[in-house]
2 protein chains.
Amino acid sequence: MSTHYTTPAVSVDIVLLTLKNQSLHVALHQRQQDPFSGALALPGGYIHTEEDTDLEATAKRVLQQKTGLTPRYLEQLRCFAGPVRDPRGWSVAISYVALIPLEALEQSGNGIFHFFAVDALPALAFDHAAQIQSAVQRVRNKSSYSTLPCWLLPEAFTLTELQRTYEQIFGETLSRGTFRSRLGIKVSDVAPGEAADDAQLLIATDAMKGGAQRPARLFKVNQLGLFRRAWW
Amino acid sequence: MSTHYTTPAVSVDIVLLTLKNQSLHVALHQRQQDPFSGALALPGGYIHTEEDTDLEATAKRVLQQKTGLTPRYLEQLRCFAGPVRDPRGWSVAISYVALIPLEALEQSGNGIFHFFAVDALPALAFDHAAQIQSAVQRVRNKSSYSTLPCWLLPEAFTLTELQRTYEQIFGETLSRGTFRSRLGIKVSDVAPGEAADDAQLLIATDAMKGGAQRPARLFKVNQLGLFRRAWW
DNA sequence: GTAATAGTGTCTGTAAGACATTATTTA
DNA sequence: TAAATAATGTCTTACAGACACTATTAC
């Protein structure tokens with residue numbers, strides 16, 4: 001190991017995203033300590049080398065401690081590092097993106113976080129604004145060719161609810177026929193409760209969601225699946 | 001800062017890729033020190049907090065020291081971390097992908113590195129095999145929808161040379177007509193030496209490359225540009 | 001019946017991919 | 001002339017996107 005060079009501080013920050021009021025929101029809390037005491041910041045923490053088996057474990061532990069929840073989706077974003085992002089000196093932050101449905105957060109009864117629309121952020125501590133921007137870009141991009149948005153919904157959802165989710169992520173509306181053909185789904189053909197193969201994006205359940213109109217089939221996500229072609 | 005938890009060691013590793021013998025090759029050197037003394041490994045180094053302005057600067061400095069070169073393309077891949085990847089304990093490696101034409105490496109007369117085909121790797125130190133696999137996946141994926149492969153060629157190249165580069169990255173051949181329409185280029189229409197707009201992927205030079213046949217127009221890359229649709 | 005949303009079918013434009021054809025050089 | 005590669009055009013298929021139509025519930 002290097003001897004005559006200072007080791008930079010290493011931490012993990014989490015961009016926890018959810019859908020609220022028809023748009024992407026990020027979870028922020030008010031810092032209680034310096035630096036940036038009083039400022040809004042992302043949840044984050046240090047690696048506990050005795051217990052954390054990898055960085056994902058660190059991220060999960062931090063979220064568990066602060067929300068009591070495990071996110072439905074968790075993915076490493078990238079490292080942010082340098083001498084100026086933290087006034088205490090050279091630091092490395094490994095940034096994670098987490099997705100969770102708003103219902104889960106509300107049921108946890110957690111009062112630490114406030115949610116802010118990602119397209120209208122207040123001033124933030126450290127380089128957290130850049131981390132959020134980068135995370136949103138990743139989510140929007142990955143949503144354009146995959147089933148990523150499923151993890152912003154509860155486990156079972158209707159196709160229309162899923163379409164609304166895509167629309168809220170992109171901020172624009174889609175054609176229903178196009179949306180369903182991209183998913184490769186004809187509701188009348190699907191057999192509930194089976195996953196034919198890995199290429200199948202969604203799994204039909206045997207439950208329906210009714211309202212004051214024709215009931216809709218409920219689906220679950222099979223896995224993080226890719227569309228044939230990208231969307232743009 | 002955390003007090004009663006050990007700070008993990010932080011380093012930067014570089015997956016330096018080039019094209020050799022019709023396929024992607026990675027630069028490896030033989031380690032002189034423990035751990036893994038004698039084993040093949042990626043170039044890497046520690047952060048110098050006094051001089052490095054960010055992680056990209058660290059990566060560039062390490063490459064400069066070991067090859068005397070600045071790569072044509074450099075991008076952060078992701079972090080690899082955990083208690084077992086380095087026998088000395090919990091460590092964090094930030095992995096970078098670098099692209100460079102083989103000619104540049106050969107001209108530098110550097111003797112440290114050996115090049116290995118990425119699809120037939122020997123045993124490697126640390127988790128470097130996983131880093132390489134991840135880097136190759138990133139390069140293949142990004143090549144399917146962008147001008148990334150241009151940075152594996154010298155500054156000026158013909159369209160056929162570029163097509164061969166794509167083919168060598170993917171390991172399969174392409175149709176020439178399709179390739180050119182994806183690039184949006186009709187050679188007879190282009191005006192040398194101008195960049196009409198940012199959407200223009202390549203810039204025509206006024207030079208031609210001749211052989212025992214009709215000479216071909218030489219092009220330069222404009223910027224990292226995206227195709228309209230992905231390729232798969 | 002109406003209102004409301006679920007689900008499907010049809011048409012059009014664009015682009016990928018295969019392949020044939022023309023163009024321009026050297027020998 | 002032949003050989004070799006550059007460059008372009010044509011045809012087919014596939015899919016995104018728009019939009020219209022039918023289906024099934026509550027009231």
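Atoms considered below: every heavy atom in the structure, side chains included; atoms not considered: hydrogens, waters and symmetry mates. On a predicted model such as this, the values are computed, not experimentally measured, just so you know. Reminder, nothing fancy here: chain letters follow the sequence lines and each chain counts from 1.
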Look at the side-chain N and O atoms of A/T178 and state whether any lies under 4.0 Å from the OP1 or OP2 oxygen of D/dA16.
->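 Looking at the OP1 and OP2 atoms of D/dA16, neither is under 4.0 Å from any side-chain N or O of A/T178.
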Think A/S188 has a side-chain N or O under 4.0 angstrom from the OP1 or OP2 of C/dT8?
-> yes
When the C1' atoms of the five terminal pairs at each end define the local axes, what inter-axis angle does the helix from C/dG1-D/dC27 to C/dA27-D/dT1 show, to 10 degrees?
->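 Roughly 10° between the end axes, to the nearest 10°.
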Please determine if [X] and [Y] form a salt bridge, counting it only when a charged side-chain N lies under 4.0 Å from a carboxylate O.
X: A/R72; Y: A/E155; value: no
X: B/R217; Y: B/D189; value: no
X: B/R164; Y: B/E167; value: yes
X: A/R85; Y: A/D13; value: yes

C/dG17 base to B/S175 side chain: any donor-acceptor pair below 3.5 Å?
-> no
Check: B/R182 side chain, C/dA15 base, donor-acceptor under 3.5 Å | no
Output the rounded distance in Å from [atom1] ([X]) to [atom2] ([N]).
X: B/L174; N: D/dA6; atom1: CG; atom2: P; value: 15 Å
X: A/L162; N: C/dG7; atom1: CG; atom2: P; value: 12 Å
X: B/M208; N: D/dA7; atom1: CE; atom2: P; value: 6 Å
X: A/R180; N: D/dC15; atom1: CZ; atom2: C1'; value: 18 Å
X: A/R176; N: C/dT8; atom1: CZ; atom2: C1'; value: 9 Å
X: A/F227; N: D/dG17; atom1: CZ; atom2: P; value: 11 Å
X: A/D189; N: C/dA6; atom1: CG; atom2: P; value: 19 Å
X: A/E167; N: D/dG17; atom1: CD; atom2: C1'; value: 14 Å

Choose from C/dA6, C/dT8, D/dT8 the nucleotide whose nearest atom is closest to any side-chain atom of A/V187.
-> C/dT8
Report the relative orientation of the aromatic rings in B/F116 and B/H114; use parallel for angles under 30°, tilted for 30 to 60°, perpendicular for over 60°.
-> perpendicular
Between B/Y73 and B/W151, what is the ring plane arrangement, given parallel below 30°, perpendicular above 60°, and tilted in between?
->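 Because their plane-to-plane angle lies in the 30° to 60° range, the rings of B/Y73 and B/W151 count as tilted.
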Looking across every strand, which nucleic acid part, if any, lies under 4.0 Å from B/T158 by heavy atom: base, sugar-phosphate, or nothing?
->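 Result for B/T158 = nothing.
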Checking B/R78 against B/F80: charged group under 6.0 Å from the ring centre and within 45 degrees of the axis?
->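 Yes, B/R78 and B/F80 form such a contact.
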Do the side-chain N and O atoms of [X] and [Y] include a donor-acceptor pair separated by under 3.5 angstrom?
X: B/S95; Y: B/Q131; value: yes
X: A/N141; Y: A/Q137; value: no
X: A/Y166; Y: A/Q168; value: no

A/T173 or B/I185: which one's nearest nucleotide on DNA chain D is closer to the 5' end?
-> B/I185
Tell me, which of residues 209-219 of chain B have any heavy atom that sits under 4.0 Å from an atom in DNA chain D?
->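 Per residue number, the list reads B/Q213, B/R214, B/P215, B/A216, B/R217.
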